[in-house]
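Values below: all heavy atoms of this structure, side chains included; hydrogens, waters and symmetry mates excluded.
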Amino acid sequence: MRMQLKTILSLLLLLSVTFVTNAQTDKNSIDDKQEDSRKKIKSSEDYQETEVDFLLNYYEQDGDHSPVTGGQGTEELTNVAPSFVVHIPVDSLSSLGLNFGIDIYSSASTDNIDYLQTHQTSASSMDARAHINASYSHTLANSGNAYSVLAGFSQEFDVSSYHAGGSYTINSKDQNRSLTIDGLYMSDKWKLLYPVETRGTSKANLKDDVRNTLKFGLSYSQVINKRSQALFSMEVVSQSGLLSTPFHRVFFDDTPNYPNTLAELTQYSNVEKLDDSRIKIPISIRWNYYLSDFIRLKTFYRYYSDSWGISAHTASIELPMTVSPSFIVSPFFRYHNQTAADDFYKFGQASASNTPEFYTSDYDLSDFNSYKVGVGFQYSPVMGICNFKSPLRKNKTGQLKRIGLRTAYYDRSDGLNAWLVSLDFGFTF
């Protein structure tokens with residue numbers, strides 16, 4: 001595995017040198033967000049509108065392999081996440097971005113951190129995560145190149161996080177090619193909340209309470225012709241510190257059956273332990289093709305490998321179809337396959353007599369296949385949906401420009417399944 005990582009790192013270095021030496025590079029991207037952020041420089045009249053998106057996401061899942069209860073037990077969870085995304089033009093070359101919101105979730109499995117009556121169900125606990133991110137972007141007038149800086153913070157009951165980063169984009173003169181270099185630093189401060197039966201014992205012995213993440217990325221996009229665009233990206237992510245989750249349980253092979261009492265839990269449960277360092281390397285490509293004026297093909301493929309022994313393949317396809325000048329329908333499908341981490345053990349599989357150095361029963365680190373299928377709808381008339389008096393400035397108007405709806409069903413081979421629904425209301429002021 002280490003030899004594979006060294007080979008991949010060498011390849012990334014070689015590719016980065018190749019890209020930099022060909023630095024008359026790209027613009028027009030593949031992702032919708034990147035397409036929006038990499039358009040040609042506009043005149044000052046085009047920068048008078050502030051854009052605000054209100055998003056409302058709903059997520060519901062169920063399964064029976066919760067890591068909180070050692071790889072067996074309910075994974076029932078619901079999450080409601082309203083958020084705002086604000087884009088404020090400063091002038092014709094600069095803009096500010098703001099993203100803030102809250103996740104309100106109810107989880108039956110996390111309620112079992114403190115008390116476990118049976119391993120099958122428990123009353124759901126509720127909590128919330130608040131987050132805010134701010135960014136500044138600027139396009140250089142002489143070259144057309146661009147840079148951005150960002151910072152953010154989030155808070156939930158057991159984790160405080162902050163991050164900061166930036167990017168620099170080199171654009172070709174015709175705006176058809178671009179190379180982007182980006183970096184991000186994240187720090188998560190954890191409250192070491194152990195399962196109730198391990199508190200004050202030798203099992204509650206995780207050393208760190210901070211997780212640090214450093215990400216470096218390169219992406220290259222190319223307009224191939226009038227109908228085709230492509231984007232290639234690669235990242236190296238390094239994590240260190242607390243990579244275990246303090247309230248995840250693991251049960252060894254000396255457990256006679258699933259513990260149902262506090263005394264049995266105290267005797268048999270163990271706190272998850274994972275390596276305190278991890279390297280992740282995802283490499284991906286996107287390709288968009290305009291089949292006609294009314295149908296576009298969007299494809300994506302990613303290969304992933306990490307130092308914990310996981311390798312994965314992900315592929316997706318989306319087919320946006322213009323039903324009318326105001327209405328777009330986008331069916332999509334995504335498939336994922338991955339191998340298990342070296343230190344993953346199902347319930348009762350880890351040896352108690354020859355205890356491994358690291359162990360987890362988190363099925364996110366197991367081998368599985370999954371798929372997600374869904375459809376998106378967007379209604380965006382040329383003249384907008386409706387106008388209203390702006391609450392931001394007197395004598396100014398706002399406009400509801402578009403409404404989007406996206407829904408999907410997710411299914412995993414270990415029994416986890418989920419529904420997702422997202423609403424997007426786009427305004428300009």
Side-chain angles (χ1 to χ4, degrees), residues 8-49 51 85 87-97 135-150 165-184 215-237 281-293 295-303 316-318 320:
I8 294 173
L9 285 169
S10 300
L11 176 62
L12 295 181
L13 180 60
L14 176 62
L15 286 170
S16 66
V17 171
T18 303
F19 284 139
V20 172
T21 53
N22 291 305
Q24 276 284 30
T25 34
D26 135 312
K27 204 77 178 137
N28 293 56
S29 123
I30 315 319
D31 237 11
D32 291 339
K33 292 182 180 178
Q34 289 172 323
E35 286 174 352
D36 290 340
S37 64
R38 295 182 181 180
K39 293 178 181 176
K40 295 180 180 180
I41 300 174
K42 302 178 182 179
S43 65
S44 58
E45 289 79 10
D46 293 325
Y47 282 85
Q48 300 305 310
E49 292 183 335
E51 299 176 4
V85 180
H87 177 266
I88 305 171
V90 177
D91 53 40
S92 61
L93 298 174
S94 306
S95 64
L96 296 173
S135 64
Y136 172 78
S137 302
H138 180 75
T139 301
L140 304 174
N142 318 345
S143 61
N145 297 339
Y147 67 86
S148 66
V149 293
L150 60 92
S167 67
Y168 188 83
T169 300
I170 303 170
N171 296 306
S172 63
K173 291 182 180 179
D174 61 6
Q175 304 290 300
N176 284 332
R177 293 167 292 156
S178 68
L179 173 71
T180 298
I181 304 170
D182 66 88
L184 185 69
K215 188 201 80 159
F216 171 77
L218 286 173
S219 63
Y220 173 79
S221 66
Q222 171 80 55
V223 176
I224 300 171
N225 53 44
K226 291 182 179 180
R227 291 186 177 273
S228 182
Q229 303 173 350
L231 171 69
F232 175 83
S233 66
M234 52 190 175
E235 296 177 356
V236 178
V237 181
I281 300 176
I283 302 173
S284 64
I285 185 168
R286 296 179 183 270
W287 179 63
N288 282 7
Y289 186 78
Y290 290 81
L291 298 171
S292 71
D293 291 341
I295 302 177
R296 182 161 53 130
L297 176 67
K298 301 173 69 175
T299 64
F300 170 78
Y301 170 76
R302 180 182 64 207
Y303 172 74
S316 69
I317 184 170
E318 186 170 355

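Residues satisfying the side chain to side chain contact (heavy atoms under 4.5 Å, CB included) criterion with Ile295, sequence neighbours excluded, are Leu291, Ser292, Leu319, Met321. Not a single side-chain hydrogen bond (donor to acceptor under 3.5 Å, both in side chains) links Ser316 to another residue, sequence neighbours left out.
No side-chain donor-acceptor contact under 3.5 Å links Asp182 to the backbone of Gly166. Here the side chain of Asn171 pairs a donor or acceptor atom with the backbone of Gly144 at under 3.5 angstrom. Of the possible polar contacts, none joining the Arg227 side chain to the Tyr289 backbone as a donor-acceptor pair under 3.5 Å is found. Between the side chain of Thr180 and the backbone N or O of Ser219, no donor-acceptor pair lies under 3.5 Å.
Side-chain contact between Pro320 and Glu318: present, with at least one pair of heavy atoms (C-beta onward) separated by less than 4.5 Å. Within the 4.5 Å cutoff, the side chain of Ile283 has heavy atoms near those of the Phe232 side chain.
Note that the OH atom of Tyr220 and the CG atom of Leu231 stand 10.5 Å from one another [nearest 0.5 Å]. In this structure, Gln229 CD and Arg296 CZ are separated by 7.5 Å, a value rounded to the nearest 0.5 Å. Atom CD1 in Ile181 sits 5.5 Å away from atom CD1 in Ile170 (nearest 0.5 Å). Taking CG of Leu297 as the reference point, atom CD1 of Ile317 lies at 5.0 Å (rounded to 0.5 Å). In this structure, NE2 in His87 is found 8.5 Å from CG in Leu96, a value given to the nearest 0.5 Å. Atom CD of residue Glu235 and atom CG of residue Leu218 lie 9.5 Å apart, to the nearest 0.5 angstrom.
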